[in-house]
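Since the structure comes first, as structure tokens, the remarks are kept for the end.
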Amino acid sequence: MTTTSKSTSRKLTIARAMAEAMAQEMRLDPRVFVMGEDVGPLGGVFGNTRGLFEEFGAERVRDTPISETAFIGAAVGAASDGMRPIVELMFVDFFGVCMDAIYNLMAKNTYFSGGKVKVPLVLMTSTGGGYSDAGQHSQCLYGTFAHLPGMKVVAPSNAYDAKGLMTAAIRDDNPVVFMYHKSLQGMGWLGTEKGATVPVPEESYTVEIGKAAVVREGHDVTLASLAAGVHHCLRAAKILEEGGFSAEVVDLRSLVPLDRETLRESVAKTGRLIVVDEDYHSYGVSGEIIASVAEYSGCRLKAAPQRVAYPDIPIPFAPTMEQWALPNADKVVAAFHEMMKENRGENS
Amino acid sequence: MTTTSKSTSRKLTIARAMAEAMAQEMRLDPRVFVMGEDVGPLGGVFGNTRGLFEEFGAERVRDTPISETAFIGAAVGAASDGMRPIVELMFVDFFGVCMDAIYNLMAKNTYFSGGKVKVPLVLMTSTGGGYSDAGQHSQCLYGTFAHLPGMKVVAPSNAYDAKGLMTAAIRDDNPVVFMYHKSLQGMGWLGTEKGATVPVPEESYTVEIGKAAVVREGHDVTLASLAAGVHHCLRAAKILEEGGFSAEVVDLRSLVPLDRETLRESVAKTGRLIVVDEDYHSYGVSGEIIASVAEYSGCRLKAAPQRVAYPDIPIPFAPTMEQWALPNADKVVAAFHEMMKENRGENS
Amino acid sequence: MQPTTEQRLWMYRHMVLSRYLEERIEELYMEGKTPVFNMAKGPIPGEMHLSNGQEPCAVGVCAHLTPDDIVTATHRPHHIAVAKGVDLDAMVAEIFGKATGLSGGRGGHMHLFDAAVNFSCSGIIGEGLGPAVGAALSRKMQGKPGVAVAFLGDGAANQGAFHESLNLAAVWRLPVVFVIEDNGWGISVPKQASTAVPRNDRRASGYDIPGMHVADNDVEGVFAMAGEAIARAREGQGPSLIEIETSRLAGHFMGDGEEYRPKGEKERLEQRDPIPRYRQQLLDIGALDETSDAELVERAQTRIEAAIRFAQQSEFLPPEAALEEVFA
Amino acid sequence: MQPTTEQRLWMYRHMVLSRYLEERIEELYMEGKTPVFNMAKGPIPGEMHLSNGQEPCAVGVCAHLTPDDIVTATHRPHHIAVAKGVDLDAMVAEIFGKATGLSGGRGGHMHLFDAAVNFSCSGIIGEGLGPAVGAALSRKMQGKPGVAVAFLGDGAANQGAFHESLNLAAVWRLPVVFVIEDNGWGISVPKQASTAVPRNDRRASGYDIPGMHVADNDVEGVFAMAGEAIARAREGQGPSLIEIETSRLAGHFMGDGEEYRPKGEKERLEQRDPIPRYRQQLLDIGALDETSDAELVERAQTRIEAAIRFAQQSEFLPPEAALEEVFA
Ligand SMILES: Cc1ncc(C[n+]2csc(CCOP(=O)(O)OP(=O)(O)O)c2C)c(N)n1
Ligand SMILES: Cc1ncc(C[n+]2csc(CCOP(=O)(O)OP(=O)(O)O)c2C)c(N)n1
Ligand SMILES: [Mg+2]
Ligand SMILES: [Mg+2]
């Protein structure tokens, strides 16, 4: 199902790419509908439902009360009854008010029913900081969602993947958590990562959930990341190139399923691994990626793997502190140079 | 503050050790009180508050409505106002209905207030399966709690540690999540892991939060685990001993802070690591432990580290399926033998 | 609204079916658990929440439902499953964890899913309310008939999910009925220690929906109120809330010592056991006579015994099947 | 209950203080954000929820409170913080993220904590209710005086935390007052699209507690109702719920285009701006004259300017301070 043609040169932001994927699926399939806070006339606080209310009306683009437990639970009930809801949890930071509906209900009903009840539901939610929204509005929580079985988890780094993953998510018969990073949305007021706004075909296409992409080839080190982190890696790779080193960048795209093969192949080639993760350092994505490589005896590492992750602290408001704590290209470059000091010989 | 005297030969179950620690602290400090569902006259579904209601009455041992968000939120409010609540979340599986109060409030208020508001609160919660309570009553979720900054997380494997960690937790000025494993509680109806019921001094003592314990020394492999997993490791170590191998068992005891030093020292000595974790396989404790060793260049591993974790599936009801999926000593032994097939040479 | 004779007998038969099922489960559950009670042992391991005494809630509501209507039930689901027409063989097999069970043994007694009759339940307090609202929304959006009924305990009426779900259903005027089985207890905590109002139907006005109350575990009272609420829902008049005074004749779960119960409560409740009471009522009005009753009871027992045999004779799935059905 | 002249002037002064603060923040917030609005830029980055128009809720309630009483506020906290007596210098410095801020810049505008006057707030809808209940419990258990007031928006009244907290407070008969600032909006969603009842005070009866209502953003109406509710709480008569019709004169947050507002609404609300209205009221009854008003306004402005200067002249903590204060 994956189409890789990028025939068009039309560039879209992730916000518009998401909205376009939803609109196309809503035109095709009357069972698809959207609900969440401010997804209607406002078009989503992060712009990802813009235009949907105007085209599909209040029945299919439903503003909800601030009742995440009820409306996500309701989405599960609707999905089990034949609908294909797309629900928005405005900030992933709010998961705590509704996690039961997400992980005990949405993620488990298929299993509990022995596969007889399907839950085709997309839960889209914004992640990430960097604009001083402080500790309850800036988290990524990738690890929190990826840890709990029964839901797929994707996090695109650019508009092409965002559209393709959204279409794939809507067509998937399973719950898919679609995590979009605010700094990539292309909403001016959140700053804009230019690299996220890329050519997007007008026609509908899917990007397969569960496949990582090698977005830059190299042979000295593997930089593995997702969403905003991919752009830090790409910038770091450029800096490293200037220094004569060649970095491979793996965009995980999907945390569940996790494409360990692509990751391991890359590290088997480069012999070095740096994981870049805006989620908290411990017990999360960075640990899992490193472990996935370490436990695989096919990878002989030339140096201990490193991670550039968010420290284990709540996210501070003051920009000085927040920016200092966030991953960035310089930290990745520094980690690489640190790594090069270690000499394990060729097969350590 | 840590007393290691085990002068007494009186054995207690973890349930009784927890209750004793609470009672002793409640006698000392009028600010300490207990609340949660069925902690009063019933004495806690898992027996850990038995006797408290009789001694301290309904004011200090408060049965609550089934309103976890409100009563955990209330505990935070009380803790910030000078009280020292011990709150029970009956099964950790229920975290989804109240995680906001736990991680956005309890865990962050100290930081948000710049250290000016303290939240001395113990959140105790039962974990673990093995008795066919199915997918909403059998989880461990260690990784879920350990991943989110701002709360300490402990999980004792025996009554001595349980009492000492509970006392330490109550005296701590920070929120501490105290995770007790049902199979270790010593409640007959949940089966009983004999090794968890150990001599416990009558007098009050603390076990330092954040210190792992080497509960068995060895030199061929490090078996790292916590709570019920420690007993699987100890059994595996015995089996391995019969085969002529010497396993070191590290009881992590505390996930936050994580005692990476003890862990790394052990692996530096043994050169091999198997992590045993009843929590879900991916993005959790097992990944973090492996990564913590792999990223530390002081550990030269003789074989790729392995994990014996719960697969990434909801927990099935049927005992045949559940028992098959759970970690156990045989799986640890098998992982070790698998590991021994790999020959990396001495410094790989 | 008065039931027809046929409806009366249907309700009575399903009460008898459900109770006999519980009695047999109680016996079977204890196999392997004596002399030492260990929940992990025996042919039915794990927690077991029996519904003895709460049958009026199930039958009085489900008498108005078709297989097409949706029901979400609680951790105490058997009586409701029986009344909703869940496949008995597959249900009992699920309780035994067998391959022939509703979900091959992956769910067990708290996770009974029968898509054919739109039944599900869950082990988390208040968790069924959101899905019922969503199923009702689905029907409304698809223009398909169907009412959703969410059952919950009196304890569950203090969960946030209760409030959010009632509000959402009311704002969107959805065909849902919320039915509280008020047995006066949430495990060991009595209702008055956990609920700020004596009667939860009073909370309906906070959502501008009708609140109804049935006293004394009265089968036909439930039938009447539920009939009204369900008719309203079918006619597009939106949700209702019903609270039913019922009784938990057993412990919270099997193994519960019940020391927390006030002395004499259990005996008092047993004297008001709704099944003999309803039987007498039916005898009194001539809907039933001793012979037809004996026949009905025997047929019910035979049916349950067949389901139990089916379950006992079924195999377990191979252990590796644990890995399947995580994703569709 | 009628305010004394002193109370009237106190309320008016704090409304003026709060409004002037918001006006200045509005200007300062936009520094560095023109011509392109980017939330990350300028001396005050991040989200900014102004309280313009909602001052009556803050002053009418806080007029009855001492520093010892507890207040938990929302994501829109400035007016309440000002009325509760939060240290203005440290508060403004916190909004600027400075070392001298209430928490050294770790919290920012949605996370203002001033333990000296028992004030806190949070960015999660409904999150302050549980802590207010707990603080009230703490006072009751310690036998210390003190009432807790939880402020919330009308949108928050549909969160599960609302229901659970009101029930818990009522069951335990705690000294808490829940105050709903009904500005008719939750971001872009109007109240009638999210709330099943026109007035949330109606929900009080679901907890057997008094429900009160104040129409038309009326300062002295708030004062009267809050006075009653707080007095009840102090006397041990348990919690109350008050809903206040107020108005959000600004957007939901700075940068909000507000296209979703019905035409003319904003102008209508501005004409009913509570500050000139209350000023006129005070002039009419002679509590204020033009001179004393001008003086009061000037003093207020001077105070705010001083706080802003303090904030502007303060340093940031060193970046590594981000790692501190995670644990006590
Ligand atoms: C969110 C949540 N909290 C707590 C529990 C534990 N629990 C299971 S049943 C029960 C009591 C429920 O009382 P009620 O709703 O009245 O139902 P009843 O058992 O009386 O039928 C509790 C507290 C749970 N399953 N889910
Ligand atoms: C649990 C949660 N859901 C959603 C949000 C996003 N959000 C922030 S403010 C707001 C609107 C709140 O409306 P209301 O309670 O009426 O307060 P107001 O903004 O009108 O003062 C929403 C939805 C949040 N912060 N927390
Ligand atoms: Mg009950
Ligand atoms: Mg509002």
Side-chain angles (χ1 to χ4, degrees), chain A residues 69 93-105 107-108 111-112 134-136 141-144 146-150 255-256 258 279-297 299-301 303-307 311-314 316 342 344-345 347-348, chain B residues 69 93-105 107-108 111-112 134-136 141-144 146-150 255-256 258 279-297 299-301 303-307 311-314 316 342 344-345 347-348:
Chain A
T69 291
D93 313 65
F94 307 161
F95 86 95
V97 302
C98 55
M99 195 58 174
D100 186 67
I102 295 172
Y103 107 107
N104 257 335
L105 193 58
K108 291 181 184 163
Y111 193 76
F112 285 153
Q136 293 180 333
L141 303 181
Y142 300 132
T144 299
H147 180 51
L148 300 166
L255 291 174
V256 181
L258 175 62
D279 191 11
Y280 300 117
H281 181 103
S282 297
Y283 304 97
V285 170
S286 61
E288 181 61 27
I289 299 300
I290 289 176
S292 294
V293 165
E295 72 190 344
Y296 174 63
S297 48
C299 291
R300 292 299 164 99
L301 291 174
Q306 293 221 23
R307 39 184 161 179
D312 290 327
I313 58 168
E342 191 184 348
R344 286 199 176 187
N347 77 334
S348 60
Chain B
T69 291
D93 313 66
F94 308 160
F95 86 96
V97 302
C98 54
M99 195 58 175
D100 186 67
I102 296 171
Y103 107 105
N104 257 335
L105 193 58
K108 292 182 183 162
Y111 193 76
F112 285 153
Q136 292 179 333
L141 302 181
Y142 300 131
T144 300
H147 180 51
L148 300 165
L255 291 173
V256 180
L258 175 62
D279 192 11
Y280 301 117
H281 180 103
S282 297
Y283 305 96
V285 171
S286 61
E288 182 61 27
I289 299 300
I290 289 177
S292 294
V293 166
E295 72 189 346
Y296 174 63
S297 46
C299 290
R300 291 300 162 100
L301 290 174
Q306 293 221 24
R307 41 185 160 178
D312 290 327
I313 59 169
E342 192 186 346
R344 289 197 173 186
N347 76 334
S348 61

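To find a chain, count down the sequence lines: A is the first, B the second, and so on, and within it residues start at 1.
- When heavy atoms are compared at a cutoff of 4.5 Å, A:L255 approaches chain B by way of both its backbone and its side chain.
- With sequence neighbours left out, B:N104 forms a side chain to side chain contact (heavy atoms under 4.5 Å, CB included) with A:Q136, A:Q139, B:D100, B:K108, D:I124, D:E127.
- Residues B:V285 and A:Y283 approach most closely at CA-CD2, 3.8 Å, considering heavy atoms.
- Checking side-chain atoms of B:Y103 against main-chain N and O of A:D93 turns up a donor-acceptor pair under 3.5 Å.
- The side chain to side chain contact (heavy atoms under 4.5 Å, CB included) check on B:T69 picks up B:C98, D:A161, D:E164, with sequence neighbours excluded.
- Within the 4.5 angstrom heavy-atom criterion, only side-chain atoms of B:Y111, from C-beta onward, approach chain A.
- Heavy-atom pairs under 4.5 Å with chain B peak, among A:A146, A:S286, A:G143, at A:A146.
- Annotation for B:A294 and A:P305: closest pair O-CD, 3.4 Å, computed over non-hydrogen atoms.
- For chain B, the nearby parts of A:P316 are the backbone and the side chain; heavy atoms of each come within less than 4.5 Å.
- Residues B:R307 and A:E295 meet the side-chain proximity criterion, which asks for heavy atoms closer than 4.5 Å.
- Of the atoms belonging to B:F112, it is side-chain heavy atoms, and not backbone ones, that fall under 4.5 Å from chain A.
- A distance of 8.0 Å separates CG in B:D279 from CG in A:L148, rounded to the nearest 0.5 Å.
- Among B:Q306, B:E288, B:M99, the residue making the largest number of heavy-atom pairs under 4.5 Å with chain A is B:E288.
- Of the listed residues A:G287, A:A291, A:G284, A:P314, the one with more heavy-atom pairs under 4.5 angstrom with chain B than any other is A:P314.
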